[in-house]
Amino acid sequence: MNYRAKSMLTLPMRNQEDEVIGVLQLINKKKNPGVPLRPIEVVEKEVIPFTKRDEQRALALGGQAAVALENRILYEEIEQLFEGFIRASVNAIEARDPVTSGHTERVTQLTLALAQAVNDITEGLYADTVFTSDQMRELRYAGLLHDIGKIGVREDVLTKANKLYPGEYAVLLHRFENIRLSLCSEQSQVMLKNALGEGSEIYQEFEERYKNQLKVQIEEIDSIWELIEAFNQPKVLPEEASDLLPKIAQRTYRNAKGEEQRFLTDHELHCLSVKKGSLTPEEIEEIRSHIIHTRNFLERIPWTRNLMGLTDIASGHHEMLNGTGYPQHLEGKEVVTQMRIMAIADIFDALTASDRPYKKAVPVDRALRILEFEVKDNRLDAELVRIFKEQKVYETLPAFANERSNQTT
C-alpha cells in the first residue's frame with residue numbers, strides 16, 4: 001500500500017465485564033496534523049511517538065467506543081433472540097395445526113410482496129404510499145404472528161376434516177351395524193314364531209318372502225348410511241338434505257336391551273346439517289376466537305416504538321371494509337392499509353392452499369375472481385386487489401412461480 005507505520009498506540013476496548021470486545025489502534029502521530037504523509041520519506045520527519053497523555057485520552061475514547069460497540073452487540077443479540085422467538089412461535093402454531101402448515105410463511109411472503117408492489121407504483125390511489133423499512137419489518141412480524149392465537153383453540157377443531165369427528169363417526173358406524181343386526185334379529189324372531197305356530201310346511205312357503213323382506217330392509221339401511229357418509233363430507237349440502245336428514249334422525253330401532261333409539265342424535269343431526277364446510281356455527285366462532293387470543297398474546301409484549309402497530313395489524317387481518325369482518329367489526333378508514341394488505345394475502349392463500357384435507361385448492365384465476373367478488377361486496381380494497389392481480393404478486397410464492405415457468409416452457 002506504500003504506507004509506513006512508524007508510531008502506534010494499540011489499546012483494548014473492554015465491556016462492563018472487563019472482557020476485551022475490540023481493539024482501538026492509532027497509527028502515526030504527527031507533529032503537524034495537517035501535513036500529509038506523502039511521500040513516504042515524510043514519515044521520518046513528521047511522525048513522533050505517542051505520549052502517556054495520548055494513552056490516557058485514547059483509553060477514555062476506547063471506553064466510549066466499547067460502550068457503543070457493546071450496545072450494538074446487545075442490540076443484535078436481542079434481535080436474534082426476538083427472531084428466534086418469532087420462529088419458535090410459528091413452529092408452535094404449525095405443530096398445533098399441521099393441516100395449514102406453511103400458511104404463515106406464505107401469508108407473510110404475499111403480504112410483504114404486496115406492500116413492496118405498493119411502494120413501487122407511481123400512479124393510482126396508493127401512488128404516494130411508501131412503507132419504510134421499519135414498517136416492512138413490522139409487517140413481516142405481524143404476518144408471522146397473525147395466527148399465533150390458534151394456540152388457544154382446541155386442536156380437534158383446528159384439524160376437523162369432516163362434519164363428524166373421527167370418534168363420533170365411529171360411534172355412528174357402530175350404531176348402524178347394530179341397526180342391521182337388530183333387523184336380522186327381529187326378522188329371525190318372526191320367522192321362528194311362525195315356524196312354531198304354523199308348522200314347517202307353511203313356514204317353508206313364507207321363508208323366501210321373509211328373506212326378501214329382510215334384504216330390502218338391509219338395503220334401505222345401507223342406502224341411508226351412504227347418504228350419511230355423503231352428508232359427512234365438507235361439501236355444499238343439497239337443499240333436499242334439509243328435509244331428508246331430520247326424517248332419518250327420527251327413525252328408530254331397538255338396541256340389544258330392547259330399548260327404542262333414534263338413528264341420529266340431536267348433536268349428530270346438528271353437525272351433519274352444516275350446509276358448507278365441516279364446522280358447526282359454534283366451532284366457527286371458536287376458530288374465530290383465535291384473533292382474540294392473538295391480540296391478548298401480543299398485547300402482553302412490550303413492543304419497541306417502531307413496532308407499536310404490530311398488534312393491531314396482526315389481529316386485524318379478518319376485518320373487512322364494510323364492517324362484516326371480525327372481531328372488532330371495523331369499517332372504512334378504520335381498517336388501515338396494512339390490515340387490508342394482509343386480508344388479501346390471507347384469503348388468497350386460504351383459497352389456493354393445496355394442503356387442506358377438507359377442500360381442494362382453487363386455481364389462481366378463480367381465486368382472483370373470488371377476490372374481485374369480495375371487492376364488489378365492499379369487503380376488500382379494490383385498488384390493492386388490482387395491484388395484487390396486475391403485478392402478479394402471487395408469483396412471489398415458489399409454487400406459482402414454478403407453475404408459470406412450466407407453462408412458459
Side-chain angles (χ1 to χ4, degrees), residues 1-90 105 108-109 111-123 126-145 301-310 313 338 396 398:
M1 298 295 294
N2 199 29
Y3 183 86
R4 182 185 173 197
K6 182 181 178 184
S7 66
M8 189 179 298
L9 177 60
T10 306
L11 302 166
M13 297 168 59
R14 299 182 183 274
N15 62 14
Q16 294 180 356
E17 285 74 35
D18 203 35
E19 298 170 335
V20 177
I21 59 174
V23 172
L24 177 65
Q25 188 175 70
L26 306 178
I27 300 176
N28 288 350
K29 180 181 178 180
K30 300 177 185 178
K31 295 178 182 178
N32 302 295
V35 176
L37 300 181
R38 291 287 186 275
I40 197 169
E41 291 78 14
V42 178
V43 173
E44 290 294 335
K45 299 177 180 179
E46 291 294 330
V47 175
I48 60 177
F50 288 95
T51 66
K52 190 67 176 179
R53 187 172 183 182
D54 293 331
E55 181 181 347
Q56 293 172 349
R57 290 177 176 178
L59 279 172
L61 178 61
Q64 294 298 316
V67 170
L69 180 58
E70 185 175 22
N71 287 341
R72 179 61 188 175
I73 292 173
L74 287 174
Y75 180 80
E76 290 178 352
E77 288 177 347
I78 292 171
E79 286 286 300
Q80 293 172 3
L81 178 65
F82 184 68
E83 186 73 23
F85 163 76
I86 297 290
R87 290 295 171 188
S89 299
V90 172
E105 287 284 355
T108 302
Q109 289 182 45
T111 297
L112 293 177
L114 182 51
Q116 186 58 52
V118 170
N119 279 357
D120 294 341
I121 62 171
T122 57
E123 58 183 9
Y126 288 101
D128 297 328
T129 300
V130 177
F131 296 108
T132 65
S133 58
D134 281 344
Q135 287 176 316
M136 292 293 281
R137 179 166 165 264
E138 182 180 61
L139 260 179
R140 176 171 172 268
Y141 287 149
L144 291 172
L145 293 170
I301 300 175
W303 301 106
T304 55
R305 287 191 301 272
N306 56 351
L307 296 175
M308 291 300 291
L310 190 153
I313 297 169
Q338 291 94 322
T396 58

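For the single chain, residues carry numbers from 1 onward in sequence order. Side chains are part of it too, since the values below use all heavy atoms of this structure and drop only hydrogens, waters and symmetry mates.
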Worksheet entry | Result of checking Asp120, Leu114, Val118 against Gln116 for side-chain contact (heavy atoms from CB on, under 4.5 Å) |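 Considering Asp120, Leu114, Val118, a side-chain contact (heavy atoms from CB on, under 4.5 Å) with Gln116 is found only for Asp120.
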With the side chain counted from C-beta on, respond yes when [X] and [Y] share a heavy-atom pair under 4.5 Å apart, and no when they do not.
X: Ser89; Y: Leu145; answer: yes
X: Glu70; Y: Leu74; answer: yes
X: Lys29; Y: Thr51; answer: yes
X: Lys30; Y: Leu37; answer: yes

Donor-acceptor under 3.5 Å ([X] side chain, [Y] main chain):
X: Glu138; Y: Gln135; answer: no
X: Thr108; Y: Leu144; answer: yes
X: Asn119; Y: Phe131; answer: yes

Item to complete: Ignoring hydrogens and angles, state whether a donor on the side chain of Asn306 or Thr304 is under 3.5 Å from an acceptor on the partner side chain.
Response: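 Present: a donor and an acceptor within the cut-off.
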Minimum heavy-atom distance [X]-[Y], with the two atoms named:
X: Ser7; Y: Val47; value: OG-CG1, 3.3 Å
X: Val42; Y: Val35; value: CG1-CG1, 4.3 Å
X: Ile313; Y: Leu139; value: CG2-CD2, 4.2 Å
X: Ala58; Y: Leu9; value: CB-CD2, 3.8 Å

Nearest 0.5 Å, what's the [atom1]-[atom2] distance between [X] and [Y]?
X: Gln338; Y: Thr111; atom1: CD; atom2: OG1; value: 10.5 Å
X: Asn32; Y: Glu46; atom1: CG; atom2: CD; value: 5.0 Å
X: Leu310; Y: Tyr141; atom1: CG; atom2: OH; value: 9.5 Å
X: Leu26; Y: Thr10; atom1: CG; atom2: OG1; value: 8.0 Å
X: Met13; Y: Leu61; atom1: CE; atom2: CG; value: 8.5 Å
X: Ile27; Y: Tyr3; atom1: CD1; atom2: OH; value: 6.0 Å

Inspect the surroundings of [atom1] in [X] and state if more than 12 heavy atoms from other residues, nucleotides or ligands are less than 6.0 Å away.
X: Lys45; atom1: NZ; answer: no
X: Arg38; atom1: CZ; answer: yes
X: Glu17; atom1: CD; answer: yes

Fill in: Ionic contact status for Glu83 with Arg140, cut-off 4.0 Å
yes
